[in-house]
Amino acid sequence: MGDDRRSFSYYKAIPVIEKLPFKIESGDQVKNLPAIGKSLRDHINEIVTTGKLSKLEHFENDEKVRAVSLFGEVWGVGPATALKLYDKGHRTLDDLQKDDSLTYAQRTGLKFFDDIRQRIPRHEVSEMEKLLQEVGKDILPGVTIVCGGSYRRGKSSCGDMDIVITHDDGKRYTSKHVKPGFLPKFVQRLKDINFLREDLIFSINSIEGTDSGVDTYFGLCTYPGRELRHRIDLKVYPRNRYASGLLAWTGNDVLNRRLRILAESKGYVLDDTGLYLATQSSGGKRAGRSEAIVNCHEEKDVFDTLGFPYLEPHERNL
DNA sequence: CGGCGGTACTG
DNA sequence: CAGTACC
DNA sequence: GCCG
């Protein structure tokens, strides 16, 4: 449990199996496929011959696994906290509510546990994106507000909304935060109209007149006229960091990892704040980042610099 | 066998 | 600092 | 867990 690496291996194998054009009748048919090694092949063999996986039955009936997985689905509760809560004797979400060790964000995640799990139909995300754009341009004309994440990748429903924001000040290619006060104002206005309802994380890092710092807001919002809470993230990037920000927040996570590994192999460091030339770390194991951002005005510039074929957003569901 | 993304929040 | 989050 |  809590074995991140291993579960990610299972996770990567899922789409590989799903994309097979035939029904698996033997483990041999799964030989030489990417992301599937001996262990997974053995599991597949067991399933096709016996119709079940003995290892899994054990887990399904295990009270501890059940409770810890459930707790881990609460926003802000990860494997370590979930286990601690179980060890304290908690078994249900009602038990958690009585625990006063929960942080504010975890309490909020718990309170709206059922709401947050509901997926949002694509057309509603589209309407809310439009709403955000209108409120935004009212505060700051020329602001760019885009919904990234699974929405931008074309999914028909979304688990949450990932909003990426930037602003061009007209002095093309400047890298400054033109209006560092944008996010607080934006958030306030969105609360005034009852769109944003609860905060989870709210941090302002942008420094006026510089290109450093990204402003972030994580919270809960509601579709106009409704009470059902949805997760929403707002991220404000200075224009010269927007491409990497949009790329990262469009994902998916597999693509992000792949691009970052590729970047490292080519002497770069890639994250949501930019593409950097790696610096020689004297003795250190990990390469540092140079100050200068490799000039990427559009997402395609990042792909091009890394020598990775450009993918349209809808092609990024790896 | 060692590596597996990179960053930034909370408490 | 560990833990958690985001894609 | 898988991969180089």
Side-chain angles (χ1 to χ4, degrees), chain A residues 1-14 16-17 30-44 55 71-85 100-109 116 146-153 155 158-164 199-206 212-219 231-235 237 241 244-265 268-276 278 285-289 299 306 313 316-318:
Chain A
M1 286 180 52
D3 197 335
D4 221 19
R5 306 283 173 204
R6 200 172 333 181
S7 53
F8 193 60
S9 292
Y10 282 93
Y11 176 70
K12 279 186 292 192
I14 293 169
V16 174
I17 295 170
V30 121
K31 239 172 183 170
N32 302 323
L33 281 179
I36 298 177
K38 178 171 188 321
S39 179
L40 278 174
R41 195 169 68 236
D42 287 348
H43 288 171
I44 288 169
K55 204 174 155 188
F71 296 167
E73 288 178 48
V74 176
W75 200 92
V77 176
T81 309
L83 198 55
K84 275 182 204 158
L85 292 168
D100 55 9
S101 73
L102 296 199
T103 66
Y104 171 73
Q106 289 166 339
R107 204 163 288 290
T108 307
I116 295 173
V146 167
C147 187
S150 55
Y151 173 77
R152 187 155 179 263
R153 297 199 309 273
K155 295 293 188 181
C158 307
D160 64 2
M161 294 180 58
D162 306 292
I163 307 298
V164 186
D199 303 336
L200 292 172
I201 288 177
F202 194 4
S203 79
I204 300 300
N205 289 305
S206 63
S212 59
V214 175
D215 290 342
T216 306
Y217 176 90
F218 289 177
R231 278 276 299 104
I232 185 166
D233 303 337
L234 310 176
K235 282 255 175 186
Y237 291 89
R241 298 174 184 273
S244 54
L246 183 60
L247 178 61
W249 287 83
T250 297
N252 63 6
D253 59 340
V254 175
L255 175 63
N256 285 348
R257 290 162 131 106
R258 202 180 284 179
L259 289 177
R260 287 165 194 204
I261 290 170
L262 180 62
E264 197 210 354
S265 75
Y268 297 100
V269 178
L270 175 65
D271 62 41
D272 70 315
T273 70
L275 180 60
Y276 308 82
K285 0 251 153 231
R286 192 146 230 99
R289 316 183 312 186
E299 284 178 314
L306 295 177
R316 301 181 198 169
N317 294 300
L318 304 182

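Protein chains get the first letters and strands the later ones, always in sequence-line order, with residue 1 at the start of each.
- The backbone N or O of A/G148 lies less than 3.5 Å from no partner atom in the side chain of A/D162, so there is not a single donor-acceptor pair.
- Sequence order on DNA chain B of the closest nucleotides to A/D271 and A/S9 puts A/S9 first from the 5' end.
- Not counting sequence neighbours, the partners of A/R6 by the salt bridge (Lys or Arg N to Asp or Glu O under 4.0 Å) test are A/D3.
- Taking 4.0 angstrom as the limit, A/R289 places a side-chain polar atom (N or O) nearer than this to OP1 or OP2 of B/dT7.
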**OP:** Could you walk me through whether A/K12 and A/R257 pass side-chain contact (heavy atoms from CB on, under 4.5 Å), step by step?
**Re:** CA-CA 12 Å; A/K12 279 186 292 192; A/R257 290 162 131 106; over 6 Å; no
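- Legend: residues meeting side-chain hydrogen bond (donor to acceptor under 3.5 Å, both in side chains) with A/T250, ordered by chain and number and at least two apart, are A/R152.
- A/V74 comes within 4.0 angstrom of the backbone, heavy atoms only, and of no base.
- No side-chain N or O of A/Y104 forms a donor-acceptor pair with one of A/D199 less than 3.5 Å apart.
- A search for side-chain hydrogen bond (donor to acceptor under 3.5 Å, both in side chains) contacts involving A/D271 returns A/T273, A/R289, not counting sequence neighbours.
- Residue A/K235 has no polar side-chain atom (N or O) positioned under 4.0 Å from OP1 or OP2 of B/dC9.
- Taking atom CG of residue A/L275 and atom C1' of nucleotide B/dG5, one finds them 14 Å apart after rounding to whole Å.
- Residue-level contact check: A/K155 touches neither bases nor backbone, having no heavy atom under 4.0 Å from any strand.
- Where DNA chain C meets chain A (any atom under 4.0 Å from a heavy atom), the bounding nucleotides read 5' to 3' are C/dG3 to C/dC7.
- Rounded to an integer number of Å, the gap from CZ of A/R260 to P of B/dT7 is 8 Å.
- Between A/Y10 and A/H43, the angle of the ring planes stays under 30°, which puts this pair in the parallel group of the 30/60° scheme.
- The nearest whole Å value for the distance from the NZ atom in A/K12 to the C1' atom in B/dG3 is 11 Å.
- Annotation: salt bridge (Lys or Arg N to Asp or Glu O under 4.0 Å) contacts of A/R231 (sequence neighbours excluded): A/D233.
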Could you pull out every donor-acceptor pair under 3.5 Å between side chains of residues 30-39 of chain A and any protein atom, sequence neighbours left out?
{"from": "A/K38", "atom 1": "NZ", "to": "A/D42", "atom 2": "OD2", "distance (Å)": "2.8"}

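- Nucleic acid contact for A/I261: sugar-phosphate only, since backbone atoms but no base atoms lie under 4.0 Å from a heavy atom of the residue.
- Residue A/F8 is the one, among A/F8 and A/T103, whose nearest nucleotide of DNA chain B lies closer to the 5' end (criterion: closest heavy atom).
- The interatomic distance linking A/D199 (CG) with B/dC9 (C1') rounds to 14 Å, in whole Å.
- Using a 4.0 Å heavy-atom criterion, one finds that A/L270 contacts the sugar-phosphate atoms exclusively.
- Sorted by residue number, the list of members of residues 33-43 of chain A with any non-hydrogen atom under 4.0 Å from DNA chain B is empty.
- Nucleic acid contact for A/Y11: none, since no nucleic acid atom lies under 4.0 Å from a heavy atom of the residue.
- Comparing the C1' positions of B/dA8 and D/dG1 gives an interatomic distance of 28 Å, to the nearest angstrom.
- Backbone-only engagement by A/V77 is indicated by non-hydrogen atom pairs under 4.0 Å involving sugar-phosphate atoms exclusively.
- Contact between the side-chain N/O atoms of A/R6 and the OP1/OP2 oxygens of D/dG1 is found at a separation under 4.0 Å.
- Atom CG of A/D100 is separated from atom C1' of B/dG11 by 14 Å (rounded to the nearest Å).
- Atom CZ in A/R258 sits roughly 13 Å away from atom C1' in D/dC3 (whole-Å rounding).
- Scored by the side-chain contact (heavy atoms from CB on, under 4.5 Å) test, A/S9 finds no partners at all (sequence neighbours excluded).
- Looking at heavy-atom distances under 4.0 Å, A/D233 makes contact with sugar-phosphate atoms alone, never a base.
- Residue A/D4 contributes atom CG, which lies 14 Å from atom C1' of D/dC2 at whole-angstrom precision.
- Residue-level contact check: A/R316 touches neither bases nor backbone, having no heavy atom under 4.0 Å from any strand.
- The side-chain hydrogen bond (donor to acceptor under 3.5 Å, both in side chains) search around A/S101 returns A/K88, A/D99, not counting sequence neighbours.
- A/T250 comes within 4.0 angstrom of the backbone, heavy atoms only, and of no base.
- Rounded to an integer number of Å, the gap from A/R257 CZ to D/dC3 P is 16 Å.
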